[in-house]
Amino acid sequence: ADADYEFKYVILGGRVAAGYAAREFFKQGVKRGELAIISKEAVAPYERVTLSKEYLLPNQPSRLPDFHVCVGSGEERQLPEWYTDKGIELILSTEIIQVDLASKALVSASCQIFKYQTLIIATGSTPVRLTDFGVQGVDAKNIFYLREIDDADKLVEAVKAKKKRKAVIIGGGYIGLEVSAALRINNLDVTMVYLEPWCGPRLFTAGIATFYEAYYANKGIKIIKGTVAAGFTIDSDGDVKEVTLKGGRVLEANIVFVDVEARPLTSLFKGQVEEEKGGIKTDAFFQTSVPNVYAVGDVSTFPLKLYNEMRRVEHVDHARKSAEQAVKAIKASEEGKTIEEYDYLPYIFSRSFDLSWKFYGSNAGKRLLVRDNDPASGKQKFETFWIEKGKIIGAFLMNGTPQENDAIAKFARVQPGVDNLDVLKEELGLPSKEE
Ligand code: FAD
(Lines give C-alpha, C1' and ligand atoms only; values in the text may rest on other atoms or scores of the structure.)
Protein backbone atom coordinates (compact mmCIF):
# COMPACT_ATOMS: atom_id res chain seq x y z
CA ALA A 1 0.00 0.00 0.00
CA ASP A 2 1.10 3.57 -0.60
CA ALA A 3 2.09 5.69 2.36
CA ASP A 4 -0.14 8.55 3.42
CA TYR A 5 2.80 10.12 5.21
CA GLU A 6 6.52 9.61 5.10
CA PHE A 7 9.12 10.80 7.59
CA LYS A 8 12.82 10.33 8.03
CA TYR A 9 12.31 9.69 11.76
CA VAL A 10 9.20 8.48 13.54
CA ILE A 11 8.81 8.21 17.31
CA LEU A 12 5.94 5.86 18.17
CA GLY A 13 4.60 6.91 21.59
CA GLY A 14 3.96 10.37 22.91
CA ARG A 15 4.94 10.76 26.50
CA VAL A 16 8.18 10.96 28.44
CA ALA A 17 10.67 9.23 26.17
CA ALA A 18 9.10 10.79 23.07
CA GLY A 19 9.33 14.33 24.42
CA TYR A 20 12.94 13.98 25.52
CA ALA A 21 13.86 12.34 22.20
CA ALA A 22 12.31 15.28 20.33
CA ARG A 23 14.36 17.69 22.37
CA GLU A 24 17.55 15.77 21.62
CA PHE A 25 16.71 15.73 17.89
CA PHE A 26 16.29 19.49 18.04
CA LYS A 27 19.63 19.89 19.87
CA GLN A 28 21.42 17.67 17.34
CA GLY A 29 19.74 19.34 14.39
CA VAL A 30 16.69 18.12 12.54
CA LYS A 31 15.18 19.63 9.40
CA ARG A 32 11.56 20.74 9.22
CA GLY A 33 9.28 17.83 8.36
CA GLU A 34 11.88 15.16 9.08
CA LEU A 35 10.56 14.09 12.49
CA ALA A 36 7.10 12.96 13.59
CA ILE A 37 5.73 11.82 16.94
CA ILE A 38 2.72 9.51 16.68
CA SER A 39 0.68 9.18 19.85
CA LYS A 40 -2.60 7.74 20.97
CA GLU A 41 -3.05 10.59 23.39
CA ALA A 42 -4.63 13.92 22.48
CA VAL A 43 -1.95 16.09 24.10
CA ALA A 44 1.71 16.88 23.55
CA PRO A 45 4.25 14.82 25.59
CA TYR A 46 4.07 15.39 29.34
CA GLU A 47 5.68 14.18 32.57
CA ARG A 48 3.62 11.16 33.52
CA VAL A 49 4.81 11.12 37.14
CA THR A 50 2.58 14.12 37.92
CA LEU A 51 -0.59 12.06 37.38
CA SER A 52 -0.35 10.18 40.70
CA LYS A 53 0.87 13.21 42.63
CA GLU A 54 0.16 16.93 42.10
CA TYR A 55 -2.56 16.22 39.52
CA LEU A 56 -4.80 14.70 42.19
CA LEU A 57 -4.49 17.35 44.88
CA PRO A 58 -7.55 19.37 45.94
CA ASN A 59 -5.78 22.73 46.05
CA GLN A 60 -3.98 24.14 43.05
CA PRO A 61 -3.62 20.81 41.30
CA SER A 62 -1.12 20.62 38.48
CA ARG A 63 -2.75 20.82 35.04
CA LEU A 64 -1.45 20.96 31.50
CA PRO A 65 0.26 22.94 30.15
CA ASP A 66 2.19 23.09 33.48
CA PHE A 67 3.88 19.72 33.19
CA HIS A 68 4.68 19.19 29.54
CA VAL A 69 8.18 17.81 29.07
CA CYS A 70 10.90 18.74 29.77
CA VAL A 71 9.98 20.51 33.04
CA GLY A 72 10.76 17.37 35.05
CA SER A 73 14.46 17.76 34.43
CA GLY A 74 14.36 21.53 34.82
CA GLU A 75 14.52 22.29 31.13
CA GLU A 76 12.41 24.21 28.64
CA ARG A 77 8.74 23.33 28.62
CA GLN A 78 7.73 22.00 25.23
CA LEU A 79 4.26 23.32 24.51
CA PRO A 80 2.53 22.22 21.29
CA GLU A 81 3.90 25.42 19.67
CA TRP A 82 7.43 24.28 20.45
CA TYR A 83 6.96 21.36 18.05
CA THR A 84 5.31 23.50 15.36
CA ASP A 85 8.11 26.00 15.70
CA LYS A 86 10.77 23.36 15.13
CA GLY A 87 8.90 21.74 12.23
CA ILE A 88 8.31 18.56 14.27
CA GLU A 89 4.99 16.89 13.44
CA LEU A 90 2.85 15.98 16.44
CA ILE A 91 0.40 13.38 15.19
CA LEU A 92 -1.95 13.04 18.16
CA SER A 93 -5.06 10.96 18.93
CA THR A 94 -3.63 8.39 16.56
CA GLU A 95 -3.35 4.79 17.67
CA ILE A 96 -1.09 2.52 15.68
CA ILE A 97 -2.66 -0.92 15.41
CA GLN A 98 -0.32 -2.65 12.99
CA VAL A 99 3.38 -2.51 12.39
CA ASP A 100 5.47 -3.98 9.62
CA LEU A 101 9.12 -3.47 10.42
CA ALA A 102 10.19 -5.18 7.18
CA SER A 103 8.45 -2.64 4.96
CA LYS A 104 8.96 0.19 7.51
CA ALA A 105 5.28 0.96 7.78
CA LEU A 106 2.86 1.76 10.62
CA VAL A 107 -0.90 1.55 10.20
CA SER A 108 -3.28 3.58 12.35
CA ALA A 109 -6.75 2.66 13.61
CA SER A 110 -8.19 4.92 10.90
CA CYS A 111 -6.13 3.06 8.27
CA GLN A 112 -3.56 5.76 7.63
CA ILE A 113 -0.15 4.46 6.63
CA PHE A 114 3.00 6.09 8.00
CA LYS A 115 6.40 5.24 6.58
CA TYR A 116 9.76 5.93 8.16
CA GLN A 117 13.47 5.45 7.62
CA THR A 118 14.30 5.24 11.32
CA LEU A 119 11.81 4.25 14.02
CA ILE A 120 12.05 4.88 17.76
CA ILE A 121 9.65 2.67 19.71
CA ALA A 122 8.51 4.49 22.85
CA THR A 123 5.21 2.77 23.56
CA GLY A 124 5.95 2.51 27.30
CA SER A 125 3.94 0.39 29.67
CA THR A 126 0.40 0.07 30.90
CA PRO A 127 -1.06 -1.10 34.21
CA VAL A 128 -2.28 -4.69 34.29
CA ARG A 129 -6.06 -4.85 34.70
CA LEU A 130 -7.73 -7.00 37.31
CA THR A 131 -9.64 -8.65 34.47
CA ASP A 132 -6.40 -10.49 33.78
CA PHE A 133 -6.56 -12.08 37.24
CA GLY A 134 -10.11 -13.36 36.88
CA VAL A 135 -11.54 -11.00 39.52
CA GLN A 136 -15.35 -10.78 39.60
CA GLY A 137 -17.19 -7.52 38.91
CA VAL A 138 -14.25 -5.67 37.38
CA ASP A 139 -16.55 -3.82 34.97
CA ALA A 140 -18.01 -1.76 37.80
CA LYS A 141 -17.87 1.99 37.39
CA ASN A 142 -15.40 3.83 39.58
CA ILE A 143 -12.63 1.26 39.39
CA PHE A 144 -9.64 3.25 38.20
CA TYR A 145 -6.18 2.69 36.74
CA LEU A 146 -3.68 5.41 35.89
CA ARG A 147 -2.40 5.15 32.39
CA GLU A 148 -3.13 8.39 30.65
CA ILE A 149 -4.28 11.87 31.47
CA ASP A 150 -7.87 10.82 30.70
CA ASP A 151 -7.67 8.24 33.48
CA ALA A 152 -6.45 10.88 35.91
CA ASP A 153 -9.32 13.18 34.88
CA LYS A 154 -11.86 10.45 35.53
CA LEU A 155 -10.37 9.76 38.96
CA VAL A 156 -10.43 13.47 39.83
CA GLU A 157 -14.06 13.69 38.73
CA ALA A 158 -15.02 10.75 40.95
CA VAL A 159 -13.13 12.18 43.91
CA LYS A 160 -15.03 15.44 43.52
CA ALA A 161 -18.42 13.83 42.96
CA LYS A 162 -18.60 11.11 45.56
CA LYS A 163 -20.56 11.74 48.69
CA LYS A 164 -19.65 8.66 50.64
CA ARG A 165 -15.99 9.03 49.91
CA LYS A 166 -14.64 5.63 50.73
CA ALA A 167 -11.64 4.64 48.67
CA VAL A 168 -9.85 1.31 48.45
CA ILE A 169 -6.40 1.24 46.92
CA ILE A 170 -5.29 -2.12 45.61
CA GLY A 171 -1.51 -2.51 45.42
CA GLY A 172 1.19 -1.30 47.79
CA GLY A 173 3.82 -0.10 45.32
CA TYR A 174 4.94 3.51 45.18
CA ILE A 175 2.09 4.52 42.83
CA GLY A 176 -0.47 3.01 45.24
CA LEU A 177 1.22 4.92 48.06
CA GLU A 178 1.15 8.19 46.13
CA VAL A 179 -2.48 7.88 45.09
CA SER A 180 -3.51 6.88 48.65
CA ALA A 181 -1.86 10.02 49.98
CA ALA A 182 -3.52 12.23 47.35
CA LEU A 183 -6.97 10.79 48.07
CA ARG A 184 -6.44 11.17 51.82
CA ILE A 185 -5.49 14.83 51.27
CA ASN A 186 -8.82 15.06 49.44
CA ASN A 187 -10.34 13.92 52.73
CA LEU A 188 -11.44 10.52 51.55
CA ASP A 189 -11.54 7.53 53.84
CA VAL A 190 -8.65 5.47 52.42
CA THR A 191 -7.82 1.78 52.85
CA MET A 192 -4.84 0.18 51.15
CA VAL A 193 -4.84 -3.54 50.37
CA TYR A 194 -1.77 -5.49 49.32
CA LEU A 195 -0.54 -9.03 49.29
CA GLU A 196 3.03 -8.49 50.40
CA PRO A 197 4.19 -8.27 54.03
CA TRP A 198 5.08 -4.62 53.54
CA CYS A 199 4.58 -1.72 51.13
CA GLY A 200 7.03 -0.94 48.31
CA PRO A 201 8.18 -4.57 48.35
CA ARG A 202 10.33 -4.34 45.25
CA LEU A 203 12.59 -1.74 46.78
CA PHE A 204 11.82 -0.98 50.41
CA THR A 205 13.49 -2.74 53.32
CA ALA A 206 11.46 -3.60 56.41
CA GLY A 207 12.88 -0.44 58.00
CA ILE A 208 11.71 1.85 55.20
CA ALA A 209 8.30 0.17 55.04
CA THR A 210 7.84 0.35 58.82
CA PHE A 211 8.38 4.10 58.61
CA TYR A 212 5.93 4.47 55.72
CA GLU A 213 3.20 2.36 57.25
CA ALA A 214 3.38 4.17 60.60
CA TYR A 215 3.43 7.54 58.83
CA TYR A 216 0.40 6.59 56.72
CA ALA A 217 -1.45 5.22 59.77
CA ASN A 218 -0.90 8.58 61.48
CA LYS A 219 -2.50 10.24 58.48
CA GLY A 220 -5.54 8.01 58.96
CA ILE A 221 -4.89 5.56 56.13
CA LYS A 222 -5.86 1.97 56.93
CA ILE A 223 -3.68 -0.85 55.65
CA ILE A 224 -4.73 -4.47 55.09
CA LYS A 225 -1.89 -6.80 54.14
CA GLY A 226 -1.61 -10.36 52.95
CA THR A 227 -4.66 -10.42 50.74
CA VAL A 228 -5.99 -9.41 47.32
CA ALA A 229 -9.28 -8.29 45.81
CA ALA A 230 -11.37 -11.32 44.90
CA GLY A 231 -14.39 -9.45 43.58
CA PHE A 232 -16.53 -6.34 43.56
CA THR A 233 -20.23 -5.84 44.16
CA ILE A 234 -22.12 -3.25 42.16
CA ASP A 235 -25.09 -1.03 43.03
CA SER A 236 -28.09 -0.42 40.76
CA ASP A 237 -26.23 2.39 38.90
CA GLY A 238 -23.40 0.05 38.05
CA ASP A 239 -21.08 1.77 40.53
CA VAL A 240 -18.77 -0.22 42.70
CA LYS A 241 -20.21 -0.72 46.18
CA GLU A 242 -17.97 -3.23 47.93
CA VAL A 243 -14.65 -4.95 47.54
CA THR A 244 -14.54 -8.56 48.63
CA LEU A 245 -11.10 -9.64 49.69
CA LYS A 246 -9.70 -13.11 49.40
CA GLY A 247 -10.52 -14.67 52.74
CA GLY A 248 -14.00 -13.17 52.76
CA ARG A 249 -13.61 -9.73 54.33
CA VAL A 250 -15.79 -7.08 52.67
CA LEU A 251 -14.87 -3.39 52.40
CA GLU A 252 -17.29 -0.66 51.48
CA ALA A 253 -15.93 1.39 48.56
CA ASN A 254 -17.16 4.10 46.17
CA ILE A 255 -13.79 4.50 44.54
CA VAL A 256 -11.27 1.76 43.82
CA PHE A 257 -7.80 2.44 42.50
CA VAL A 258 -5.70 -0.41 41.18
CA ASP A 259 -1.96 -0.50 40.66
CA VAL A 260 -0.65 -3.99 40.94
CA GLU A 261 1.71 -4.42 38.02
CA ALA A 262 2.65 -2.82 34.71
CA ARG A 263 3.24 -4.47 31.37
CA PRO A 264 5.43 -3.13 28.55
CA LEU A 265 3.52 -2.50 25.31
CA THR A 266 5.37 -4.83 22.96
CA SER A 267 2.50 -6.68 21.30
CA LEU A 268 2.61 -4.68 18.04
CA PHE A 269 6.11 -5.97 17.41
CA LYS A 270 5.73 -9.65 18.39
CA GLY A 271 7.72 -11.92 16.16
CA GLN A 272 9.35 -9.03 14.32
CA VAL A 273 12.03 -8.07 16.81
CA GLU A 274 14.02 -9.87 19.52
CA GLU A 275 12.71 -9.63 23.05
CA GLU A 276 14.26 -10.27 26.43
CA LYS A 277 12.90 -10.14 29.98
CA GLY A 278 9.53 -9.02 28.66
CA GLY A 279 10.88 -6.01 26.79
CA ILE A 280 12.34 -5.26 23.37
CA LYS A 281 15.99 -6.19 23.44
CA THR A 282 18.46 -3.44 22.58
CA ASP A 283 22.18 -2.78 22.62
CA ALA A 284 23.88 0.01 24.56
CA PHE A 285 22.65 2.49 21.91
CA PHE A 286 19.03 1.28 22.12
CA GLN A 287 19.22 -0.26 18.66
CA THR A 288 17.00 -3.34 18.43
CA SER A 289 17.68 -6.53 16.49
CA VAL A 290 16.18 -4.79 13.43
CA PRO A 291 18.35 -2.19 11.64
CA ASN A 292 17.15 1.41 12.05
CA VAL A 293 14.67 0.45 14.75
CA TYR A 294 15.33 1.68 18.28
CA ALA A 295 13.41 1.08 21.52
CA VAL A 296 13.61 3.39 24.55
CA GLY A 297 12.00 3.96 27.93
CA ASP A 298 9.81 1.41 29.72
CA VAL A 299 9.62 -0.87 26.70
CA SER A 300 13.34 -1.59 26.26
CA THR A 301 15.53 -4.27 27.84
CA PHE A 302 19.07 -2.92 27.63
CA PRO A 303 22.57 -3.75 28.89
CA LEU A 304 23.01 -2.17 32.31
CA LYS A 305 26.75 -1.79 32.18
CA LEU A 306 27.29 -1.06 35.87
CA TYR A 307 25.94 -4.48 36.86
CA ASN A 308 26.76 -6.30 33.65
CA GLU A 309 23.22 -7.53 33.07
CA MET A 310 20.23 -6.98 30.78
CA ARG A 311 17.49 -5.01 32.48
CA ARG A 312 14.18 -3.32 31.84
CA VAL A 313 13.57 -0.17 33.89
CA GLU A 314 10.15 1.41 34.42
CA HIS A 315 11.25 4.78 35.71
CA VAL A 316 11.21 8.24 34.33
CA ASP A 317 14.92 9.03 34.63
CA HIS A 318 15.75 6.10 32.35
CA ALA A 319 12.96 7.07 29.92
CA ARG A 320 14.58 10.49 29.54
CA LYS A 321 18.17 9.32 29.32
CA SER A 322 17.56 6.34 27.02
CA ALA A 323 15.70 8.62 24.61
CA GLU A 324 18.62 11.02 24.51
CA GLN A 325 21.11 8.20 24.05
CA ALA A 326 19.17 6.71 21.12
CA VAL A 327 18.92 10.03 19.30
CA LYS A 328 22.62 10.75 19.83
CA ALA A 329 23.42 7.28 18.47
CA ILE A 330 21.18 7.75 15.42
CA LYS A 331 22.74 11.11 14.61
CA ALA A 332 26.29 9.85 15.18
CA SER A 333 25.79 6.80 12.97
CA GLU A 334 24.61 9.03 10.13
CA GLU A 335 27.94 10.81 10.34
CA GLY A 336 29.89 7.55 10.63
CA LYS A 337 30.76 8.37 14.22
CA THR A 338 30.29 6.41 17.41
CA ILE A 339 29.27 7.50 20.87
CA GLU A 340 29.95 6.02 24.28
CA GLU A 341 27.86 3.11 25.53
CA TYR A 342 24.92 3.83 27.80
CA ASP A 343 26.22 3.66 31.35
CA TYR A 344 23.17 4.02 33.52
CA LEU A 345 22.96 4.42 37.28
CA PRO A 346 19.44 3.31 38.29
CA TYR A 347 17.55 6.16 39.94
CA ILE A 348 14.01 6.19 41.34
CA PHE A 349 12.14 8.80 43.32
CA SER A 350 8.69 9.22 44.80
CA ARG A 351 6.86 11.81 46.83
CA SER A 352 3.67 11.86 48.89
CA PHE A 353 2.45 14.02 51.80
CA ASP A 354 5.65 15.77 52.90
CA LEU A 355 7.83 12.77 52.15
CA SER A 356 10.23 12.75 49.25
CA TRP A 357 12.79 10.02 48.70
CA LYS A 358 15.42 9.06 46.19
CA PHE A 359 17.11 5.76 45.55
CA TYR A 360 20.24 5.14 43.49
CA GLY A 361 21.95 1.91 42.51
CA SER A 362 21.08 -1.66 43.42
CA ASN A 363 19.08 -2.97 46.38
CA ALA A 364 20.98 -6.21 46.90
CA GLY A 365 23.08 -7.41 49.82
CA LYS A 366 23.19 -6.37 53.47
CA ARG A 367 21.25 -3.35 54.62
CA LEU A 368 22.26 -0.62 57.00
CA LEU A 369 19.62 1.80 58.22
CA VAL A 370 21.10 5.09 59.31
CA ARG A 371 19.45 7.63 61.63
CA ASP A 372 15.87 7.39 62.80
CA ASN A 373 12.99 5.70 60.96
CA ASP A 374 10.38 6.39 63.63
CA PRO A 375 7.94 8.92 62.15
CA ALA A 376 6.86 9.84 65.69
CA SER A 377 10.32 11.30 66.30
CA GLY A 378 9.34 14.12 63.95
CA LYS A 379 12.65 14.01 62.04
CA GLN A 380 11.47 12.15 58.95
CA LYS A 381 14.92 11.82 57.62
CA PHE A 382 16.98 8.63 57.30
CA GLU A 383 18.98 6.64 54.81
CA THR A 384 19.52 3.01 53.97
CA PHE A 385 22.67 1.64 52.35
CA TRP A 386 22.95 -1.70 50.58
CA ILE A 387 26.34 -3.35 50.92
CA GLU A 388 27.49 -6.27 48.83
CA LYS A 389 30.89 -7.89 48.41
CA GLY A 390 32.49 -5.23 50.58
CA LYS A 391 31.07 -2.26 48.65
CA ILE A 392 28.21 0.16 49.06
CA ILE A 393 26.11 -0.47 45.92
CA GLY A 394 22.79 1.18 46.71
CA ALA A 395 21.52 4.12 48.72
CA PHE A 396 18.07 5.38 49.70
CA LEU A 397 17.50 8.77 51.29
CA MET A 398 14.29 10.13 52.78
CA ASN A 399 13.90 13.91 52.64
CA GLY A 400 17.51 14.70 51.73
CA THR A 401 18.85 18.06 50.63
CA PRO A 402 20.00 18.35 46.98
CA GLN A 403 23.59 18.13 48.21
CA GLU A 404 22.90 14.99 50.22
CA ASN A 405 21.07 13.44 47.28
CA ASP A 406 24.09 14.08 45.07
CA ALA A 407 26.27 12.44 47.69
CA ILE A 408 24.25 9.20 47.81
CA ALA A 409 24.14 9.09 44.01
CA LYS A 410 27.92 9.26 44.06
CA PHE A 411 28.13 6.41 46.57
CA ALA A 412 26.01 4.20 44.35
CA ARG A 413 28.09 5.08 41.30
CA VAL A 414 31.58 4.90 42.84
CA GLN A 415 30.77 1.96 45.15
CA PRO A 416 33.15 2.81 47.99
CA GLY A 417 34.70 -0.17 49.76
CA VAL A 418 33.46 -1.25 53.16
CA ASP A 419 35.70 -3.86 54.76
CA ASN A 420 33.69 -3.98 57.89
CA LEU A 421 30.21 -2.75 58.71
CA ASP A 422 31.26 -1.84 62.25
CA VAL A 423 33.93 0.48 60.93
CA LEU A 424 31.40 2.09 58.55
CA LYS A 425 28.94 2.58 61.40
CA GLU A 426 31.63 4.29 63.44
CA GLU A 427 32.74 6.49 60.55
CA LEU A 428 29.17 7.62 59.89
CA GLY A 429 28.97 8.80 63.49
CA LEU A 430 25.16 8.47 63.39
CA PRO A 431 22.80 5.95 64.95
CA SER A 432 22.51 2.96 62.63
CA LYS A 433 21.35 -0.63 62.57
CA GLU A 434 21.78 -3.63 60.32
CA GLU A 435 18.58 -5.08 58.93
P1 FAD B 1 5.01 6.02 28.59
O2 FAD B 1 5.08 7.17 29.51
O3 FAD B 1 4.20 4.83 28.99
O4 FAD B 1 4.49 6.55 27.18
C5 FAD B 1 4.08 5.69 26.15
C6 FAD B 1 3.36 6.47 25.09
O7 FAD B 1 3.10 5.65 23.98
C8 FAD B 1 2.00 7.03 25.51
O9 FAD B 1 1.86 8.32 25.02
C10 FAD B 1 1.02 6.07 24.85
O11 FAD B 1 -0.23 6.66 24.62
C12 FAD B 1 1.76 5.81 23.55
N13 FAD B 1 1.37 4.58 22.85
C14 FAD B 1 1.47 3.31 23.29
N15 FAD B 1 1.03 2.46 22.36
C16 FAD B 1 0.65 3.19 21.28
C17 FAD B 1 0.11 2.89 20.00
N18 FAD B 1 -0.13 1.63 19.65
N19 FAD B 1 -0.18 3.92 19.16
C20 FAD B 1 0.08 5.19 19.53
N21 FAD B 1 0.59 5.53 20.71
C22 FAD B 1 0.87 4.55 21.59
N23 FAD B 1 8.87 6.93 37.71
C24 FAD B 1 9.71 7.46 38.65
O25 FAD B 1 10.93 7.27 38.57
N26 FAD B 1 9.22 8.21 39.67
C27 FAD B 1 7.90 8.43 39.84
O28 FAD B 1 7.51 9.10 40.79
C29 FAD B 1 6.98 7.88 38.88
N30 FAD B 1 5.65 8.08 39.00
C31 FAD B 1 4.78 7.47 38.12
C32 FAD B 1 3.42 7.62 38.28
C33 FAD B 1 2.50 6.98 37.42
C34 FAD B 1 1.02 7.16 37.63
C35 FAD B 1 2.99 6.15 36.38
C36 FAD B 1 2.02 5.41 35.50
C37 FAD B 1 4.35 6.01 36.21
C38 FAD B 1 5.27 6.66 37.06
N39 FAD B 1 6.66 6.53 36.91
C40 FAD B 1 7.52 7.11 37.82
C41 FAD B 1 7.21 5.78 35.77
C42 FAD B 1 7.42 6.70 34.56
O43 FAD B 1 6.34 7.56 34.41
C44 FAD B 1 7.64 5.86 33.32
O45 FAD B 1 8.84 5.15 33.50
C46 FAD B 1 7.75 6.73 32.06
O47 FAD B 1 6.54 7.40 31.84
C48 FAD B 1 8.12 5.90 30.85
O49 FAD B 1 8.11 6.71 29.71
P50 FAD B 1 7.89 6.12 28.25
O51 FAD B 1 7.87 7.28 27.35
O52 FAD B 1 8.82 5.00 28.03
O53 FAD B 1 6.45 5.43 28.28
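Keep in mind that the numbers below use all heavy atoms, side chains included, and drop hydrogens, waters and symmetry copies. Whatever order the structure lists ligands and atoms in, that order sets their numbers, starting from 1.
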Exercise for review: Can you pull out the closest protein heavy atom to atom 21 (N) of ligand 1? Residue, atom name and distance to 0.1 Å, please.
Suggested key: Lys40 N, 3.1 Å
Revision key, fill the gap. In this structure, atom 32 (C) of ligand 1 is nearest to the protein heavy atom Ser52 OG, 3.2 Å
Review point. Any N or O of Ile348 that comes nearer than 3.5 Å to an N or O of ligand 1?
Key: no
Check your understanding: Does ligand 1 have any atom that is closer than 4.0 Å to a heavy atom of Val313?
Key -> no
Practice item. Tell me yes or no: between the side chains of Gln325 and Ser322, is some donor less than 3.5 Å from an acceptor? Key: no
**Study point:** Protein heavy-atom partner closest to atom 19 (N) of ligand 1 - residue, atom, separation in Å
**Key:** Ile96 N, 2.9 Å
Practice item. Please state which part of Glu314 comes within less than 4.0 Å of ligand 1, counting heavy atoms only: side chain, backbone, both or neither. Key: backbone
**Study point:** Polar side chain donor-acceptor pair, Tyr174 to Ser352, under 3.5 angstrom
**Key:** no
Check your understanding: Going by an N to O cut-off under 4.0 Å, is there a salt bridge joining Arg23 and Glu76?
Key -> no
Review point. Do any nitrogen or oxygen atoms of Ala319 come within less than 3.5 Å of a nitrogen or oxygen of ligand 1?
Key: no
Practice item. Could you label the plane-to-plane angle of the Tyr5 and Phe7 rings as parallel, tilted or perpendicular, counting under 30° as parallel and over 60° as perpendicular? Key: parallel
Exercise for review: Please state which part of His318 comes within less than 4.0 Å of ligand 1, counting heavy atoms only: side chain, backbone, both or neither.
Suggested key: neither
Review point. Closest non-hydrogen protein atom to atom 12 (C) of ligand 1, residue and atom name please, with distance?
Key: Gly13 CA, 3.6 Å
Practice item. Give the residue and atom name of whichever protein heavy atom lies nearest to atom 14 (C) of ligand 1, and the separation in Å to one decimal. Key: Thr123 O, 3.4 Å
Check your understanding: Counting each atom of ligand 1 from 1 as listed, which ones have a heavy atom of His315 under 4.0 Å away?
Key -> 23 (N), 24 (C), 25 (O), 45 (O)
Revision key, fill the gap. Note: Pro45, heavy atoms under 4.0 Å from ligand 1, region reported as neither
Review point. Looking at Glu341 and Lys305, does any basic side-chain N land under 4.0 Å from a carboxylate oxygen?
Key: yes
**Study point:** Closest protein heavy atom (residue, atom, distance) for atom 33 (C) of ligand 1
**Key:** Ile175 CD1, 3.6 Å
Review point. Any idea which part of Arg351 is under 4.0 Å from ligand 1, heavy-atom wise: side chain, backbone, both or neither?
Key: neither
Review point. Relative to ligand 1, is Ser39 under 4.0 angstrom through side chain, backbone, both or neither, heavy atoms considered?
Key: both
Point to revise | Any side-chain donor near an acceptor of the partner, Arg129 and Tyr145, under 3.5 Å | key: no
Check your understanding: For ligand 1, is any non-hydrogen atom under 4.0 Å from Lys53's backbone (N, CA, C, O), its side chain (CB onward), both, or neither?
Key -> side chain
Exercise for review: Determine, stepwise, if the pair Tyr347 / Phe359 fulfils ring-ring contact (aromatic ring centres under 6.0 Å, His included).
Suggested key: CA-CA 6 Å; Tyr347 163 46; Phe359 165 80; 9.1 Å; no
Review point. In terms of atom number and element, which parts of ligand 1 are under 4.0 angstrom from non-hydrogen atoms of Leu268?
Key: 18 (N)
**Study point:** ligand 1 contact on Val16 by region, counting heavy-atom pairs under 4.0 Å
**Key:** both
Exercise for review: Could you check Phe204 against Tyr212 for ring-ring contact (aromatic ring centres under 6.0 Å, His included), going step by step and ending with a plain yes or no?
Suggested key: CA-CA 10 Å; Phe204 290 178; Tyr212 248 99; 5.1 Å; yes
Check your understanding: Would you say the side chains of Glu178 and Ser52 form a donor-acceptor pair under 3.5 Å?
Key -> yes
Exercise for review: Flag Arg48 as yes when one of its N or O atoms lies below 3.5 Å from any N or O atom of ligand 1, and as no otherwise.
Suggested key: yes
Practice item. Mind listing the closest non-hydrogen atom pair of Tyr307 and Ser362 along with its distance? Key: OH-N, 3.1 Å
Practice item. Determine whether the side chain, the backbone, both or neither of Tyr174 has a heavy atom under 4.0 Å from any heavy atom of ligand 1. Key: side chain
